[in-house]
2 protein chains.
Amino acid sequence: MPTTPGPAEPIEPTTPRGRRERPAKPALTRVGIVATAVALTRSEGLERVTMRRLAKELDTGPASLYVYVANTAALHAAVLDELLGEIDLRPARTGGDWRERLVRILSSYTTVLFRNPALARSALVTRPSGPHYLELLEAVLALLAEGGVPDDRAAWGVDALLQFGTATAAEQSARDAAPHAQDEHDALTAAVRNASPQAFPRLTALGTELFTGTGEDRLTWGFHVLINGLSKTARPDRTATT
Amino acid sequence: MPTTPGPAEPIEPTTPRGRRERPAKPALTRVGIVATAVALTRSEGLERVTMRRLAKELDTGPASLYVYVANTAALHAAVLDELLGEIDLRPARTGGDWRERLVRILSSYTTVLFRNPALARSALVTRPSGPHYLELLEAVLALLAEGGVPDDRAAWGVDALLQFGTATAAEQSARDAAPHAQDEHDALTAAVRNASPQAFPRLTALGTELFTGTGEDRLTWGFHVLINGLSKTARPDRTATT
DNA sequence: ACCTGAACACCGTTCAAGT
DNA sequence: ACCTGAACACCGTTCAAGT
């Protein structure tokens, strides 16, 4: 028993030099704050990454964080870009069908968002602009160019593709997070089942067909729909074309 | 002066029959609660439609609302379906190009969400299942059928189309609501402008082209991309086809 | 049986006052 | 100059206790 800790600091071991070993309270920096926020996101989800909770984690008051982070949205955006580093961008540089490789990258993006329920919702509202997001944009644009998609369509298309992934993740992940989400789904299926065939002929004809398929199949199919549509759909005249 | 109100009820006029005239505190019902929530949404936006704020509006405590509404998400879903009644579904029944008519309906849907910033975000997380949503589904499905889109693709496609509208509204509306949203956009444009052409050749080549176009043009174009893609993209084999 | 006051456990953000 | 305690103005949800 090297030290006899007093009641005030029960689990605070010291090095031989007497300095604190456990990084319980390092100097506050933006980098450190974001790193702690990322760790907290991984362990408890972005919902728990509030200014107050994060301040507690950093052993300070919430006001102190505002010296380094403008607000909660900015904090979440920083966490998002950090996690975007997990995307597998290798398909951008391998050989093979460009569509398949593009879908693989987009799926990787969506998977990252899937792992963090609230992250996708945050991504939809606050567009990221960090280095990892730029790399993602570049990779998608490179594959669209490889596929011969005209520049002006690619410029708008990259947004549509990423938005589809983000929205799907936001939607699906809500289903996991919220306890009533299953009920809501059942509410819609029930509503469709009980709908009158006279008033809703198409809806009742399709019935459960509307709800078939795994999230992954629907996601992949949606990406292909967008990619194929992109190749077929010119941008409106109104906007000047390069 | 028919009555001399005591200090407890200063502005409570009475009818000749002595009943309260101002509907300040009608009996609580689910319908009444939702109607008040809709009014509050129109006047102050969905952000302000909290259980506590709504209770105040209804002159009661928040706990009382839980007798009629399961939780805040359910309340917002009820408000959403009510507002979905504003969608102009007439193009479903007129003549003309089915694609244009479909886009018109989808745009009308998106416009409703645009008017209520937080509503779109709520729609993304909590799928509505009320009568107005069913009517929207039916209208979209009818037009897809008219266009010869196979049933199995229409079943998945209706979701993709509505999701695109919802996500676009959620994104755009956030730009209006949040004070820092413009900064974020600038942050991304600045990041693109400052990106190295060696590391980001495609991104820097496109540059500002990425951010051109009005929200409306991009929305309409996106709908057309999806519709065209729908006609070209078969569903995966794995899933049984009707 | 029906309703709700009061409490529990949180939030984001600001700013005056400290070091 | 830099940091932060304390306050302001809110949240959702529950449940014991009232009528």
Side-chain angles (χ1 to χ4, degrees), chain A residues 8 24-34 36-37 40-41 43-80 117-119 121-122 125-126 174 177-181 183-184, chain B residues 8-9 20 24-34 36-37 40-41 43-80 117-119 121-122 125-126 174 177-181 183-184:
Chain A
K25 192 164 184 175
L28 280 185
T29 61
R30 198 195 142 87
V31 170
I33 289 169
V34 172
T36 306
L40 196 54
T41 301
S43 61
E44 308 189 14
L46 193 72
E47 307 90 314
R48 292 256 170 278
V49 184
T50 64
M51 292 304 236
R52 293 182 104 106
R53 183 63 172 53
L54 185 57
K56 203 168 287 178
E57 205 75 10
L58 290 162
D59 218 351
T60 182
S64 308
L65 302 182
Y66 283 84
V67 178
Y68 306 97
V69 178
N71 51 40
T72 308
L75 175 67
H76 287 184
V79 169
L80 175 60
L119 207 61
R121 266 162 284 163
S122 148
V125 171
T126 307
H180 295 279
D183 301 352
E184 280 151 25
Chain B
E9 35 178 17
R20 295 226 167 106
K25 191 164 184 174
L28 281 184
T29 62
R30 197 193 142 88
V31 170
I33 289 169
V34 172
T36 305
L40 196 54
T41 301
S43 61
E44 309 190 13
L46 193 72
E47 308 89 313
R48 291 256 169 279
V49 185
T50 63
M51 291 304 236
R52 293 182 105 107
R53 182 64 174 51
L54 185 57
K56 203 168 290 179
E57 205 76 10
L58 290 162
D59 219 352
T60 183
S64 307
L65 301 180
Y66 283 84
V67 177
Y68 306 96
V69 178
N71 51 41
T72 306
L75 174 66
H76 288 184
V79 170
L80 175 60
L119 206 61
R121 265 161 284 164
S122 147
V125 170
T126 307
H180 294 278
D183 301 352
E184 279 151 24

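Naming: A, B, ... by sequence-line order, numbering from 1 per chain.
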Report task. Summarise protein proximity over nucleotides 12-19 of chain D in one line of letters, 5' to 3': B for base, S for sugar-phosphate only, - for none, counting protein heavy atoms closer than 4.0 Å. Result -> BBBB----

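To the nearest angstrom, C1' of D:dT4 lies 11 Å from OH of A:Y68. Rounded to an integer number of Å, the gap from NE2 of B:H76 to P of D:dC11 is 11 Å. We find that CG of A:L54 is positioned 16 Å from P of C:dC10, with the value rounded to whole Å. Separating the CD atom of B:E47 from the C1' atom of D:dC10 is a distance of 14 Å, rounded to the nearest angstrom. Atom CZ in A:R48 sits about 13 Å away from atom P in C:dA9, given to the nearest Å.
A side chain to side chain contact (heavy atoms under 4.5 Å, CB included) with A:H76 holds for exactly one of A:N71, A:L119, A:L46; it is A:L46.
Secondary structure note: stems in DNA chain C built from 3 or more consecutive Watson-Crick or G-U wobble pairs under 3.5 Å occupy C:4-8 with D:12-16, C:12-16 with D:4-8.
Nearest approach of B:I33 to B:Y68, heavy atoms of both residues: CD1-CD1, 3.5 Å. Pairing each heavy atom of A:S64 with each of A:T60, the nearest pair is OG-OG1, 3.0 Å.
Atom OG in B:S122 sits 11.0 Å away from atom CD in B:E47 (nearest 0.5 Å).
Rounded to whole Å, the P atom of D:dC8 lies 23 Å from the corresponding atom of C:dA9. Rounded to whole Å, the P atom of C:dA7 lies 23 Å from the corresponding atom of C:dC3. Comparing the P positions of C:dA6 and C:dC10 gives an interatomic distance of 23 Å, to the nearest angstrom.
Counting only heavy atoms from C-beta outward, the side chains of A:V125 and A:R121 never approach each other to under 4.5 Å. A heavy-atom distance below 4.5 Å is found between the side chains of B:L58 and B:L65.
Checking A:K56 against A:S64, the closest nucleotide of DNA chain C that is more toward the 5' end is the one next to A:K56.
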I'd like a table of donor-acceptor pairs (distance under 3.5 Å, sequence neighbours excluded) in which one partner is a side-chain atom from residues 49-56 of chain B, with atom names and distances.
unit_1: B:T50; atom_1: OG1; unit_2: B:R53; atom_2: N; d: 3.0
unit_1: B:R53; atom_1: NH1; unit_2: B:E57; atom_2: OE1; d: 2.7
unit_1: B:R53; atom_1: NH2; unit_2: B:E44; atom_2: OE1; d: 3.2
unit_1: B:R53; atom_1: NH2; unit_2: B:E44; atom_2: OE2; d: 2.8

Query raised in the report: Going through the checks in order, is the side-chain contact (heavy atoms from CB on, under 4.5 Å) test met by B:V67 and B:L28?
Result: CA-CA 9 Å; B:V67 177; B:L28 281 184; over 6 Å; no

